[in-house]
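Report on the structure given below.
What you see below is based on every heavy atom in this structure, not just the backbone, and it leaves out hydrogens, waters and symmetry mates. Read the numbers this way: they start at 1 and go in the same order the structure lists the ligands and their atoms.
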Amino acid sequence: MNQFISFADVAELDTLIAQALRYKQTPLQDSQLGKGKRLGMLFLNPSMRTRLSTQVAAHNLGMEAIVFNVGQDGWALEFEDEAIMSGNTVEHVKDAAPILGKYFDILGIRTFPSLQNKEDDYSELYIRQFIKYAGIPVVSLESATLHPLQSLTDIITIREVFQEKRKPKIVLTWAPHVKPLPQCVANSFAQWVNGWGNAEFVIAHPEDYELDTAFTKGAHITHHQDAALQGADIVYVKNWSTFTDYGKIYCNDPEWMLTRDKLALTNQARVMHCLPVRRNVELSDEVLDSAHSVVTAQAANRVWAAQAVLAQMLKTIAS
Ligand code: CP
């Protein structure tokens, strides 16, 4: 595996999941695989789970993981080719990335979208420029449009919590929020559930919150949350801002918060959220603190997903 920025980079999902679950059983089984190798982790935005779980995963593989908060400590980077750098940006990615390629064996990048310019965000300019210029494998720690380490974790968690022979009914439901959030987690979850192909998949959101059909194609999409929740085995709660009229909050109806009453419509569903979560805005306390919630187990699984991905990259480097 030379890059991990989307579901398209996964050759065999079942193999990746099986490896992650083996690491969960025996975390240090490949503790020599990354010996002498370094993972550079660049954060252009804040993170707790992605940063720490990926560091733990790297350490489990014997790698050294070095974190650099670009947004806080680094020079302001320019990403546009042929830019005239007379503004606020100090260093071009074309100059910075090859140096990082010399310091590290694998590069992790965390970026967010601007939510101002859909074309720029959906072209994934930042992460693609790092891939172009770093010359080493790049793993997305969340990009402008996708969050593949989160989504791999989500599929692993669904596999663990739903063990019946039939396909689960999975509902991705929009929830209110106080500020416009990226579509990354929702896009990515849709891409991976569709790619996995082992679920009845429903996406529920208010009008005007349609996601990019490149990711949702294959899912049943509805504006009726209660109907969507009927018989659900898994409910994934997430806010996102508008995609069509990009980066806006239109409806922010508190009725879309997942409450105990809404959960009663489901088939004793397990409730997921990528975290961080706005309590009593996206999900009520009574749901988050109930036995239905698997958010802690889900976040804990981030380590094994990251470890499986890093291991595949290390094997590619060694081959
Ligand atoms: N879910 C997730 O990516 O969490 P962080 O923003 O804390 O990394």
* Do D226 and Q230 have a side chain donor and acceptor closer than 3.5 Å? -> no
* Would you find more than 12 non-hydrogen atoms of other residues, nucleotides or ligands less than 6.0 Å from Y250 atom OH? -> yes
* Side chains of E160 and N301: do they bring a donor and an acceptor to under 3.5 Å? -> yes
* To do: Decide whether E210 and H223 meet the rule of one side-chain donor and one side-chain acceptor closer than 3.5 Å.
  => yes
* Using the side-chain hydrogen bond (donor to acceptor under 3.5 Å, both in side chains) rule, pick out the option among R38, K35, Q55 that qualifies with E64. => R38
* Please determine if R51 has a nitrogen or oxygen closer than 3.5 Å to a nitrogen or oxygen of ligand 1. => no
* **Distance filter under 4.0 Å to C274 heavy atoms, resulting ligand 1 atoms** => 1 (N)
* **Check: P276 N/O within less than 3.5 Å of ligand 1 N/O** => no
* Got a sec: does the CD of E207 have more than 12 other heavy atoms crowding it under 6.0 Å? -> no
* **Under 3.5 Å: N/O of M48 near N/O of ligand 1** => yes
* Asked: Are more than 12 heavy atoms from other residues, nucleotides or ligands located less than 6.0 Å from atom CZ of R260?
  -> no
* **H147 neighbourhood, listing ligand 1 atoms whose heavy-atom distance to it stays under 4.0 Å** => 2 (C), 3 (O)
* L275 contact mode with ligand 1 (heavy-atom cut-off under 4.0 Å) -> backbone
* Heavy-atom nearest neighbour in the protein, as seen from atom 4 (O) of ligand 1, with distance rounded to 0.1 Å -> R49 NE, 3.0 Å
* Asked: What protein heavy atom sits nearest atom 6 (O) of ligand 1, and how far away is it?
  -> R110 NH2, 2.8 Å
* Structure fact -> Min over E142, H273, R302 of heavy-atom distance to atom 2 (C) of ligand 1 lands on R302
* To do: Heavy-atom contacts with Q150 under 4.0 Å: which atoms of ligand 1 show up? List them by number with element.
  => 1 (N), 2 (C)
